[in-house]
Amino acid sequence: MKLTILGGGGFRVPLVYGALLTDRGEGRVTEVVLHDLDDSRLYAVARVLAEQAATVPDAPTVTATTDLDEALRGADFVFSAIRVGGLEGRANDERVALAEGVLGQETVGAGGIAYGLRTVPVAVDIAQRVARLAPDAWVINFTNPAGLVTEAMSRHLGGRVIGICDSPVGLGRRIAKVLGANPREAFIDYVGLNHLGWVRGLRVAGRDELPRLLADPDLLGSFEEGKLFGTDWLQSLGAIPNEYLHYYYFNRETVRAYSEVERTRGAFLRDQQAQFYDEMKHPDTAALTAWDRTRAEREATYMSENRETAGAGERDADDLSGGYEKVALALMRAIARDERTTLILNVRNQGALSVLDADAVIEVPCLVDANGAHPVAVAPLPDHATGLVCAVKGVEREVLAAAESGSRTTAVKAFALHPLVDSVNVARRLVEGYTEVHPGLAYLK
Ligand code: G6P
Ligand code: MN
């Protein structure tokens, strides 16, 4: 079985390959093709993978190419994990928004819109190529903003593209742990959009255990979301929000914290990652050790500004291992081997959230089998959450329309309608600022 990884020179590729190495079962991936635009990044990552595979018999073969069509032909699965504009682009997404006093973040608010506007045309091109060259392949989309990008690709690939994110999985795992439940036996009642969802229940053998957590301030305060949002606010909500909702519920504080830091997250990662890829140019560098050290630092500092504003302290050691590669592997196994399972994924709504149309991509628990991912029925969201979800989906639709038409006016509308952009004039200046710094937005006229 052949797996093609787009963004194959990306830093998180060794996590995926590491997960593949643990899979000894029949029908596992035997061939990995890395695709990237940048040869030196491919070389760096291939070195790390070679060291990972060194002690594993029958490790999947790894080849690398800069030819997209060649990479796609014959693929059974395609992982798409690209970053249009690189980390320099991410740093610019943050900087331009913060200069206007609004949130600049990889996936949320103005920063997420800018990132979406330059990523959607590239993702659509990939989807069209997959439909032509590998029509039976399943595409697993990691590329952010993951919900929006998955929806763009689904217009060409239907249910054959599935978006994934590790944050709902991590959230479910943390809640299960504080409740003393086995995450594998618990059903997490979660729904929303990517980076905009809420856990409303956690059922073990049909019994909802979440009320027990919400009633206990000590338990509530003992894990990441409790520390970030505060126990009072979680009790008021009666639900546990995805960590990215911190940017909405504590917008003023997060914008201030982001404005005051010496280097934003994107700028920090731009420098940190550049150093790693530089180190990898020296043939003597111990590749896996250098990668692992860089990864540990990246994970330890994830969302550190948010945690600081909330006085949440360091991340829990258990939260440092991500889990994104595990979701990808579980999804691939469920499809390839018909191993039925339930996973929280980004798929077309098909009636699961009745306030959105059938083609809107949402983040929801899905039953997965050889026929793909099917959203399960979930309870409706409360009014305030419905409002946010509809407003942000409306913004995503404007981004998709702007990417299709190349209309600058539609791009302004996308920014202006976002709940975290507080004036149409700000939206106009954001489009000015972003088109000045991003070559990938030159199509907006
Ligand atoms: C989480 C999110 C991803 C996001 C990542 C950013 O894992 O679910 O969508 O890309 O955080 O982490 P970073 O280290 O790049 O700030
Ligand atoms: Mn994510």
Side-chain angles (χ1 to χ4, degrees), residues 7 10-16 19 79-91 93-94 103-109 111-112 115-116 119 123 140-151 162-174 190 192-197 224-225 228 241-247 254 257-258 261 263-276 291-308 315-316 318-328 331 343-347 361-364 392 396:
F11 186 75
R12 290 201 174 93
V13 170
L15 293 175
V16 174
F79 283 6
S80 180
I82 59 170
R83 188 179 286 284
V84 180
L87 286 163
E88 182 68 46
R90 177 167 169 184
D93 286 342
E94 296 166 337
L103 183 70
Q105 203 278 333
E106 183 189 16
T107 60
V108 180
Y115 190 24
T119 305
I140 301 181
N141 178 56
F142 300 86
T143 300
N144 270 327
L148 166 67
V149 169
T150 301
E151 186 162 319
I162 299 169
I164 66 173
C165 176
D166 58 337
S167 61
V169 183
L171 172 58
R173 193 178 52 209
R174 287 189 281 280
Y190 172 97
L193 303 183
N194 179 237
H195 293 185
L196 191 80
E224 179 75 7
E225 282 72 12
L228 205 53
N242 183 301
E243 60 198 353
Y244 280 82
L245 273 148
H246 196 244
Y247 296 112
T254 51
Y258 271 50
V261 286
R263 271 186 310 183
T264 54
R265 179 69 174 164
F268 165 74
L269 289 174
R270 175 198 61 204
D271 299 346
Q272 188 222 32
Q273 299 277 300
Q275 198 187 331
F276 166 75
W291 175 77
D292 205 47
R293 176 180 17 88
T294 311
R295 181 197 56 77
E297 184 191 34
R298 182 174 189 163
E299 284 174 3
T301 52
Y302 174 67
M303 279 190 136
S304 57
E305 287 83 17
N306 303 63
R307 287 201 311 281
E308 238 159 71
R315 289 185 88 190
D316 205 83
D318 283 356
D319 295 340
L320 295 177
S321 57
Y324 128 125
E325 67 283 4
K326 295 192 192 91
V327 199
L331 173 58
L343 298 168
I344 298 175
L345 300 167
N346 288 269
V347 295
V361 166
I362 62 170
E363 193 162 80
V364 63
V392 172
E396 290 185 0

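Read the numbers this way: they start at 1 and go in the same order the structure lists the ligands and their atoms.
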**Q** If the cut-off is 4.0 Å to any non-hydrogen atom of Arg90, which atoms of ligand 1 fall inside it?
**A**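 In order of number, 13 (P), 15 (O), 16 (O).
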
**Q** Would you call Asp93 and Arg90 a salt bridge, taking side-chain N to carboxylate O under 4.0 Å as the test?
**A**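 Looking at Asp93 and Arg90, the cut-off is not met.
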
**Q** Under a 4.0 angstrom heavy-atom cut-off, which atoms of ligand 1 come close to Arg298?
**A**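 So the atoms of ligand 1 that pass are 13 (P), 14 (O), 15 (O).
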
**Q** Using only heavy-atom distances, determine whether the side chains of Asn141 and Thr150 contain a donor-acceptor pair under 3.5 Å.
**A**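 Per modelled atom types, Asn141 and Thr150 side chains form a pair under 3.5 Å.
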
**Q** Looking only at side-chain N and O atoms, does Tyr190 offer a donor or acceptor that is under 3.5 Å from a partner on Asn242?
**A**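 Yes, because at least one side-chain N or O of Asn242 sits under 3.5 Å from a partner of the opposite role on Tyr190.
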
**Q** Considering heavy atoms of the protein only, find what lies nearest to atom 12 (O) of ligand 1 and give residue, atom and distance to 0.1 Å.
**A**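 That would be Arg12 NH2, 3.2 Å.
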
**Q** Close to the Mn ion (ligand 2), meaning under 2.8 Å, how many protein N, O or S atoms are there?
**A**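 Total protein N/O/S atoms under 2.8 Å from the Mn ion (ligand 2): 2.
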
**Q** For the side chain of Glu151 and the backbone of Val361, is there at least one donor-acceptor N/O pair under 3.5 Å apart?
**A**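 Yes.
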
**Q** Among all protein non-hydrogen atoms, which one is nearest to atom 2 (C) of ligand 1, and what is the separation to 0.1 Å?
**A**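 Its nearest protein heavy-atom neighbour is Tyr244 OH, 3.3 Å.
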
**Q** Could Glu106 and Arg265 be called an ion pair, given the rule that one side-chain N must be under 4.0 Å from one carboxylate O?
**A**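 Answer for the salt bridge query: no.
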
**Q** Do Arg83 and Tyr115 pass the side-chain contact (heavy atoms from CB on, under 4.5 Å) test, and can you show the C-alpha distance, the side-chain angles, and the key distance before you say yes or no?
**A** CA-CA 9 Å; Arg83 188 179 286 284; Tyr115 190 24; 3.4 Å; yes

**Q** Closer than 3.5 angstrom, by distance alone: can the side chain of Thr143 be matched with the main-chain N or O of Ser80 as a donor-acceptor pair?
**A**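 Checked: pair present.
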
**Q** What atoms of ligand 1 come within less than 4.0 Å of a heavy atom belonging to Asn144?
**A**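 Listed by number with element: 3 (C), 4 (C), 9 (O), 10 (O).
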
**Q** Keeping the roles fixed (side chain from Ser304, backbone from Thr301), state whether a donor-acceptor pair exists under 3.5 Å.
**A**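 Judged by distance alone, yes, a pair lies under 3.5 Å.
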
**Q** Of the protein's non-hydrogen atoms, which lies at the shortest distance from atom 7 (O) of ligand 1, and what is that distance?
**A**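 Answer for atom 7 (O) of ligand 1: Asp166 OD1, 2.8 Å.
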
**Q** Would the distance check show the side chain of Trp291 and the main-chain N or O of Phe11 forming a donor-acceptor pair, the cut-off being under 3.5 Å?
**A**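 Pair found, side chain donor or acceptor close to backbone of Phe11.
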
**Q** Which protein heavy atom lies closest to atom 6 (C) of ligand 1, and at what distance to 0.1 Å?
**A**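 Of the protein heavy atoms, Glu106 OE1, 3.6 Å lies nearest.
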
**Q** Go through it in stages, so that I can follow the logic: the residues are Glu224 and Arg315, the test is salt bridge (charged side-chain N to carboxylate O under 4.0 Å, His left out), and I'd like the CA-CA distance, side-chain angles, deciding distance and then a yes or no.
**A** CA-CA 7 Å; Glu224 179 75 7; Arg315 289 185 88 190; 5.1 Å; no

**Q** In terms of residue, atom name and distance, what is the protein heavy atom nearest to atom 11 (O) of ligand 1?
**A**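 Ranking protein heavy atoms by distance from atom 11 (O) of ligand 1, first comes Tyr302 CE1, 3.0 Å.
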
**Q** Please identify which atoms of ligand 1 are closer than 4.0 Å to at least one heavy atom of Leu269.
**A**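 In order of numbering, the contacting atoms are 13 (P), 14 (O), 15 (O), 16 (O).
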
**Q** Relative to the heavy atoms of Cys165, which atoms of ligand 1 are at a distance of less than 4.0 Å?
**A**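 Counting atoms of ligand 1 from 1, those under 4.0 Å from Cys165 are 8 (O).
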
**Q** Identify, by atom number and element, the atoms of ligand 1 in contact range of Arg265, meaning under 4.0 Å from any of its heavy atoms.
**A**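 That gives atoms 13 (P), 14 (O), 16 (O) of ligand 1.
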
**Q** Quick one: salt bridge (Lys or Arg N to Asp or Glu O under 4.0 Å) partners of Glu94, sequence neighbours excluded?
**A**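 For Glu94 there are no salt bridge (Lys or Arg N to Asp or Glu O under 4.0 Å) partners, ignoring immediate neighbours.
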
